[in-house]
Visitor: 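The structure is given below, and queries will be raised subsequently.
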Amino acid sequence: TSKERFNNECVFYQAQLLTEVEERFQMEEDLKIAIDKEQFFLCYQPQVHLLTGELSGVEALIRWNHPKKGLLPPNVFIPLLEETGLIVEVGEWIIKDVFESLRNWMDRGYELPSISINISAKQFGRQNIYNLIDYANKGKRVCLQKLNIEITESAMIDFENSLDMIQKLKQLGLKISLDDFGTGYSSLSILHRLPIDYLKIDRSFISGFDKDSKVVIEMILTMAKRLNVKVVAEGIEKQEQIDFLIKEGCDYGQGYFFSKPLLKSEFEQIWLSK
Ligand code: C2E
Ligand code: MG
Ligand code: MG
Ligand code: MG
């Protein structure tokens, strides 16, 4: 009967809900031990000068080597890290790890133009990034001009506080990028008040690449030029995208066309030289 079916479906639904809750709980537990067990690592994706293809920088992207589920991308666990507050601890680890790599590359005589670190909005509001960087640098003494902090527009919701933090980071010599640009809602109103160095055009406009996307790209480039901000295009996979971007005056790019995110050793071998 339909009543039976209804009941069955309810039971099924409840069971499913339960597994989802359990799953989430398990993931939280797993995350707590992931730091101690060193299951996180950073991948490195090159950024290039579009005209020459030469390395202009590199973005550090976190991965989680889960003991049972295998390699997990950040979209799967960053939200959970944020909800649980564990992002603070992981955020510290990321900065420490980047400083270690930078120091190590410097010691071995490698030239690296710059390195970008992603800081999520929640992290930016909750964690004193300035203190973290300052502290990390007391131990490692790297060139802070080479550090680039990538934040998204959502980090600017608490505008005055975030602006304050950005200004302090800039005083240390860091560069600031506005990531995923064009997908947020506040783009225009905040842009001219922000002392940022780079805009990263969101991948969706590059991969879409239809008439509308192209118009958005053109507008971002025009605006950026006026505001004296450099532009990086994310998610480049095809030559025709490069041709268009160069024609429109975009200087920097990143995407599978040039390289996927690489293991540190691969990145060193392929992209760094002395
Ligand atoms: P994002 O900062 O915008 O990073 C770019 C994402 O696009 C990366 O995904 C990268 O692998 C991917 N990508 C780059 N080029 C291409 C391409 O040509 N085609 C395609 N299909 N994808 C491309 P990933 O590594 O999965 O990272 C996703 C997001 O997770 C990042 O977006 C960033 O918001 C966040 N994230 C990554 N690492 C960290 C981190 O260390 N800390 C924080 N807070 N967030 C991170
Ligand atoms: Mg980024
Ligand atoms: Mg991005
Ligand atoms: Mg993105």
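Every number for a ligand or one of its atoms is a count from 1 in the order of the listing. Everything quoted here is computed from the prediction, not taken from an experiment.
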Visitor: Does a donor on one side chain and an acceptor on the other come within less than 3.5 Å for Ser177 and Asp179?
Guide: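 Result is no, nothing qualifies.
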
Visitor: Say whether Asn137 and Arg141, considering side chains only, have a donor N or O and an acceptor N or O under 3.5 Å apart.
Guide: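 The answer is no; no qualifying pair exists.
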
Visitor: Between Trp105 and Glu268, do the side chains contain an N or O donor and an N or O acceptor separated by less than 3.5 Å?
Guide: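 Checked: Trp105/Glu268 side chains pair up, N/O donor to acceptor below 3.5 Å.
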
Visitor: Under 3.5 Å, is there a donor-acceptor pair between the Lys122 and Gln127 side chains?
Guide: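 Short answer, no.
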
Visitor: Identify, by atom number and element, the atoms of ligand 1 in contact range of Ile236, meaning under 4.0 Å from any of its heavy atoms.
Guide: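 The atoms of ligand 1 under 4.0 Å from a heavy atom of Ile236 are 18 (O).
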
Visitor: Under 4.0 Å from ligand 1, counting heavy atoms only, is it the side chain of Pro261, its backbone, both or neither?
Guide: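 Only the side chain of Pro261 comes within reach of ligand 1.
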
Visitor: Please name the atom of Asp180, limited to N, O or S, that comes nearest to the Mg ion (ligand 3).
Guide: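 Distance check against the Mg ion (ligand 3) picks out OD1 in Asp180.
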
Visitor: Going by the order shown, which atoms of ligand 1 are within less than 4.0 Å of some heavy atom of Ile94?
Guide: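 Contacts of ligand 1 toward Ile94, numbered from 1: 40 (C), 41 (O), 42 (N).
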
Visitor: Is the Mg ion (ligand 2) less than 2.8 Å from at least one N/O/S atom of Ser177?
Guide: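 Of the N, O and S atoms in Ser177, none lies under 2.8 Å from the Mg ion (ligand 2), which means no.
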
Visitor: Tell me, with the steps shown, if Asp30 and His66 meet side-chain hydrogen bond (donor to acceptor under 3.5 Å, both in side chains).
Guide: CA-CA 8 Å; Asp30 292 352; His66 190 283; 2.7 Å; yes

Visitor: Hey, does Gln254 sit under 4.0 Å from ligand 1 if you only count heavy atoms?
Guide: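 Judged by the 4.0 Å heavy-atom criterion, Gln254 does not count as contacting ligand 1.
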
Visitor: Determine, using ring centers only, whether Phe181 and Phe205 are less than 6.0 Å apart.
Guide: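 Between Phe205 and Phe181, the centre distance exceeds or equals 6.0 Å.
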
Visitor: I need the atoms of ligand 1 closer than 4.0 Å to a non-hydrogen atom of Asp179, numbered in the order shown.
Guide: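 Once the distances to Asp179 are compared, the set is 1 (P), 2 (O), 3 (O).
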
Visitor: Any heavy atom of Lys200 closer to ligand 1 than 4.0 angstrom?
Guide: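 Lys200 does not count as a contact of ligand 1 under the 4.0 Å cut-off.
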
Visitor: Would you please say whether a donor-acceptor pair under 3.5 Å links the side chains of Asn161 and Asp158?
Guide: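 Checked: Asn161/Asp158 side chains pair up, N/O donor to acceptor below 3.5 Å.
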
Visitor: If you take the nearest heavy atom of each of Asn118, Ile62, Ile87, Ile151, which one is closest to atom 42 (N) of ligand 1?
Guide: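 Result: the heavy atom closest to atom 42 (N) of ligand 1 is in Asn118.
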
Visitor: When you look for heavy atoms under 4.0 Å from ligand 1, do you find them on the side chain of Lys260, its backbone, both, or neither?
Guide: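 None of Lys260 does.
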
Visitor: Could you check whether atom CZ of Arg226 has more than 12 heavy atoms from other residues, nucleotides or ligands sitting under 6.0 Å from it?
Guide: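 Counting neighbours around CZ of Arg226, 12 or fewer heavy atoms of other residues, nucleotides or ligands fall under 6.0 Å, so no.
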
Visitor: Looking at ligand 1, would Arg63 count as a contact under a 4.0 Å heavy-atom criterion?
Guide: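 It does, in that a heavy atom of Arg63 comes within the 4.0 Å cut-off of ligand 1.
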
Visitor: In terms of ring plane angle, is the pair Trp64 and Phe40 parallel, tilted or perpendicular, where the classes change at 30° and 60°?
Guide: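 Judged by the thresholds at 30° and 60°, the geometry between Trp64 and Phe40 is tilted.
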
Visitor: Between the candidates Phe40, Phe258, Tyr256, which shows the shortest non-hydrogen contact distance to atom 18 (O) of ligand 1?
Guide: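 It is Tyr256 whose heavy atom sits nearest to atom 18 (O) of ligand 1.
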
Visitor: With heavy-atom distances below 4.5 Å as the criterion, would you say the side chains of Ser259 and Trp271 are in contact?
Guide: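 With C-beta onward as the side chain, the pair touches.
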
Visitor: Using 30° and 60° as the class boundaries, would you call the ring planes of Phe267 and Tyr44 parallel, tilted or perpendicular?
Guide: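 Aromatic pair Phe267/Tyr44 classed parallel.
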
Visitor: Less than 3.5 Å between some nitrogen or oxygen of Leu42 and one of ligand 1, yes or no?
Guide: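 No: no nitrogen or oxygen of Leu42 is under 3.5 Å from one in ligand 1.
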
Visitor: List every atom of ligand 1 that sits less than 4.0 Å from any heavy atom of Asn75, numbering the atoms from 1 in the order shown and giving each element.
Guide: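 This gives 28 (C), 29 (C), 30 (O) as the contact atoms.
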
Visitor: Any donor-acceptor pair under 3.5 Å linking the side-chain atoms of Lys264 with those of Ser101?
Guide: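 Side chains of Ser101 and Lys264: pair found under 3.5 Å.
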
Visitor: Going by the atom numbers of ligand 1, which of them fall below 4.0 Å from some non-hydrogen atom of Gly255?
Guide: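 With Gly255 as reference, the close atoms of ligand 1 come out as 15 (N), 18 (O).
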
Visitor: Need the atom name: nearest N/O/S atom of Glu234 to the Mg ion (ligand 3).
Guide: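 Nearest N/O/S atom: OE2.
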
Visitor: Do you know which N/O/S atom name in Asp179 is closest to the Mg ion (ligand 3)?
Guide: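 This residue's closest N, O or S atom turns out to be OD1.
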
Visitor: What part of Asp180, side chain from CB on, backbone N/CA/C/O, both or neither, has a heavy atom under 4.0 Å from ligand 1?
Guide: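 Looking at Asp180 and ligand 1, just side chain atoms fall under 4.0 Å.
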
Visitor: Just to confirm my numbers, could you give the angle made at the Mg ion (ligand 2) by OE2 of Glu59 and OE1 of Glu150, rounded to 10°?
Guide: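 The OE2/OE1 angle about the Mg ion (ligand 2) sits at 90°.
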
Visitor: Tell me the nearest of Gln45, Lys122, Gln123, Glu234 to atom 15 (N) of ligand 1, using heavy-atom distances.
Guide: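 Heavy atom nearest to atom 15 (N) of ligand 1 belongs to Gln45.
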
